[in-house]
Amino acid sequence: MSELKNDQELRREEELELLEQAGVNAYPYSFNKTHDAINILNNYKDEAPEEFASVAVAGRIMSIRRMGKASFFHISDQTGKIQVYLKKDELPEFYENLKLLDIGDIIGIEGYGFRTKTGEVSVHAKSVALLCKSLRSLPVVKEEIDEQGNKIVYDAFADKELRYRRRYVDLIVNPEVKKTFFKRSKIISFMRNYFEAQGWLEVETPILQPIYGGASARPFITHHNALDIPLYLRIADELYLKRLIVGGFEGVFEISKNFRNEGMDKTHNPEFTAMEIYVAYKDYNWMMEMTEDLISNLAFTINGTHEVEYDGHNISLQKPFRRAKMFDLFKEYTGLDLKGKNRVELIAAAKSINVEVEANASSMKILDEIFGAKVEHHLIQPTFVIDYPLEMSPLAKKHRNEDGLVERFELFVCGKELANAFSELNDPRDQRQRLEEQALNRAAGDEEAMILDEDFLYALEVGMPPTAGLGIGIDRLVMMLTGETSIRDVLFFPQMRPEKK
RNA sequence: GAUCCCGUAGCUCAGCCGGUAGAGCAUUUGACUUUUAAUCAAAGGGUCACAGGUUCGAAUCCUGUCGGGAUCACCA
């Protein structure tokens, strides 16, 4: 970054030199930490202080209050903030060096737990060790607890650009950010455990793919030098996971970073995390039950309740979720029966309810537009939208009872798509035909139509058992369970345009 | 890609009907051995995002560029 240093940074370099001249190693090798801040804060008892007669804590200095011959620092570790009390009499060698410490430095304290006159559980220092001198100044955020117990934050580090570009600083000074990412980690490990408990196998499939597929999206393209071929960063892992079902695994899942070369906004980042799972001998009805069980248990485990407040809505993730056929939803929210209508009729229908569509839009596109404009935002409580038109879903199996439809569901919560699942198409003849249609669309200029993958078709010809597949957008799920409305706030390092000098 | 808003000290922000840059916190010096937005006294700190233009004079007005945010479009 900037090579120009401000007065505070110059001062820190000077302090570092002075410390080293005083014989202090500003970057030592280890510290024997025995307690987390939260452990002392939660368990210290006035009637049994001997339980914390000897503690060693470590963390970053977040505030300093020097009072002449005694000082109070707050240090922050992974679990929270704790106050330490430092007295000149008891730190004869180090007390002078305390002047050379700053907010942002990392220190280790050995001492004992006690409660101050004003009631705060703290650590009384018997020795201090500098563990890392910080050469950059941190934003100074101050907090006050008012009489009602509400936290008031002064001078918050709020600049979104800086928070995303320097997430490490954001994590240091905005502790609630850490909470979001602890939750994210718990959500993923809950899922992993849930699937593994069923005996399903976590797998890894290629990120670099010679033919991309499994979704409709534009890819990132790269190049392999030794083979001298283009490779694509995966937009989905579906076709590889299905190959593994062909290979004889009966349940496989992958938590996968996918990459799509498209716009960025509050719910889209060019790389994002999806979870896809395929289970042999099952259909989409079974998958719906599995999905609602997974999500309602997940919500309860993460938040201790099935209720979630998101974007101003109170949502209950208690199962079972509502199930609604797509064309019934059209009827419900537009009053129109769109089933079996041809393109011309659909254009007229769209016009009649003031949905704008391009003159040359396909039937699918028109249905999609109407769904987006008139239906989606009504789906606040978790809703499985089921039975989609065949043309919208080239990898889904034809509906067992209804012509022109496939066995597919998407789960909507708060008007947003969270999951997508099918009874997977395993008839190789039908699959070939549908991918050939995609190829035609592609030739006609649809950049997002799927590419025909002969090896995938070969695998289906070898034979895939009946299979149910599900994909869940992990970032959106994390957003919902943490109440964040921007995907950037659930990614450590959201994509940003590089800074130019 | 379109539209609107924003960019001033390390952080949060004020100044914007043009007249040489302000506050609080942070930093430095001094006082203070249970403070907690510690307090008290003093001091230092800025290419006002960048580049042009208008003007005697621009942080302020105009144009462009860069970066960010929001909305829309695109995107399952």
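First the proteins, then the strands, lettered A, B, ... as listed; each starts at 1. Since the model is a prediction, treat every value here as computed from it, not as a measurement. Below, all heavy atoms of this structure are taken into account, side chains as well, without hydrogens, waters or symmetry copies.
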Hey, does [X] reach any base, or is it just sugar-phosphate, or nothing, if we go heavy atoms under 4.0 Å?
X: E143(A); answer: sugar-phosphate
X: A158(A); answer: sugar-phosphate
X: Q8(A); answer: base
X: T116(A); answer: base
X: F114(A); answer: base
X: I152(A); answer: nothing
X: K88(A); answer: nothing
X: E15(A); answer: sugar-phosphate
X: R66(A); answer: base
X: D368(A); answer: nothing
X: R65(A); answer: base

Which is more 5' along RNA chain B, the nucleotide nearest D102(A) or the one nearest S63(A)? Just name the residue.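 Looking at RNA chain B, the more 5' nearest nucleotide goes with D102(A).
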Quick one: on RNA chain B, does L138(A) or G68(A) contact a more 5' nucleotide (nearest heavy atom)?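 In this pair, the answer is L138(A).
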Taking only side-chain nitrogens and oxygens of [X], does any of them come within less than 4.0 Å of OP1 or OP2 of [N]?
X: R488(A); N: G69(B); value: yes
X: K142(A); N: A26(B); value: yes
X: K151(A); N: A37(B); value: no
X: R163(A); N: G68(B); value: no
X: K266(A); N: C75(B); value: no
X: K69(A); N: A31(B); value: no

Residue pair D489(A) / Y164(A), side-chain donor-acceptor N/O under 3.5 Å: yes
Check the side chains of Y112(A) and H124(A) for a donor-acceptor pair under 3.5 angstrom, ignoring hydrogens and angles.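 Side-chain D/A pair, H124(A) to Y112(A): present.
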Between [M] and [N] - [atom1] atom distance, rounded Å:
N: A49(B); M: C11(B); atom1: P; value: 14 Å
N: A26(B); M: A37(B); atom1: P; value: 12 Å
N: U12(B); M: U8(B); atom1: P; value: 8 Å
N: G22(B); M: A31(B); atom1: P; value: 31 Å
N: A9(B); M: U55(B); atom1: P; value: 30 Å
N: G15(B); M: U71(B); atom1: P; value: 26 Å
N: C61(B); M: A73(B); atom1: C1'; value: 33 Å
N: A21(B); M: A14(B); atom1: C1'; value: 11 Å

Let's test this: given Watson-Crick or G-U wobble pairing with both distances under 3.5 Å, identify the partner of [N].
N: A58(B); result: none
N: C4(B); result: G69(B)
N: G10(B); result: C25(B)
N: C40(B); result: G30(B)
N: A51(B); result: U63(B)

Using whole Å, report how far CG of D265(A) lies from P of U71(B).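 Those two atoms, CG and P, are 9 Å apart.
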Is the distance between the ring centroids of F422(A) and Y284(A) under 6.0 Å? no
Verify the ring-centre separation between Y232(A) and F220(A): is it less than 6.0 angstrom? no
Just by distance, do the side chain of T79(A) and the backbone of I38(A) share a donor-acceptor pair under 3.5 Å? yes
No-H, no-angle donor-acceptor pair, D7(A) side chain to U27(B) base, under 3.5 Å: no
Polar pair under 3.5 Å, donor/acceptor by atom type, side chain E120(A), base U34(B):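 Answer no: no donor N or O sits under 3.5 Å from an acceptor.
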Report the nucleotide, chosen from [options], that has the shortest atom-to-atom distance to any side-chain atom of [X].
X: K87(A); options: U33(B), U34(B), C11(B); answer: U33(B)
X: R11(A); options: C25(B), U29(B), C11(B); answer: U29(B)
X: D89(A); options: A37(B), U33(B), A26(B); answer: U33(B)
X: H268(A); options: C75(B), G69(B), C11(B); answer: C75(B)
X: E144(A); options: G69(B), A37(B), U34(B); answer: A37(B)
X: M67(A); options: U12(B), C11(B), C32(B); answer: C32(B)

State whether the number of non-hydrogen atoms from other residues, nucleotides or ligands found under 6.0 Å of K325(A) atom NZ is greater than 12.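 Open: at most 12 neighbouring heavy atoms sit under 6.0 Å from NZ of K325(A).
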Does Q78(A), at its CD atom, have more than 12 non-hydrogen atoms belonging to other residues, nucleotides or ligands within less than 6.0 Å?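 No, CD of Q78(A) has 12 or fewer neighbouring heavy atoms, counting only those of other groups under 6.0 Å.
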Rounded to the nearest 0.5 Å, how far does CG of D170(A) lie from CZ of R165(A)? 14.0 Å
Going by ring-ring contact (aromatic ring centres under 6.0 Å, His included), F409(A) matches just one of F321(A), F384(A), Y388(A). Which one? F384(A)
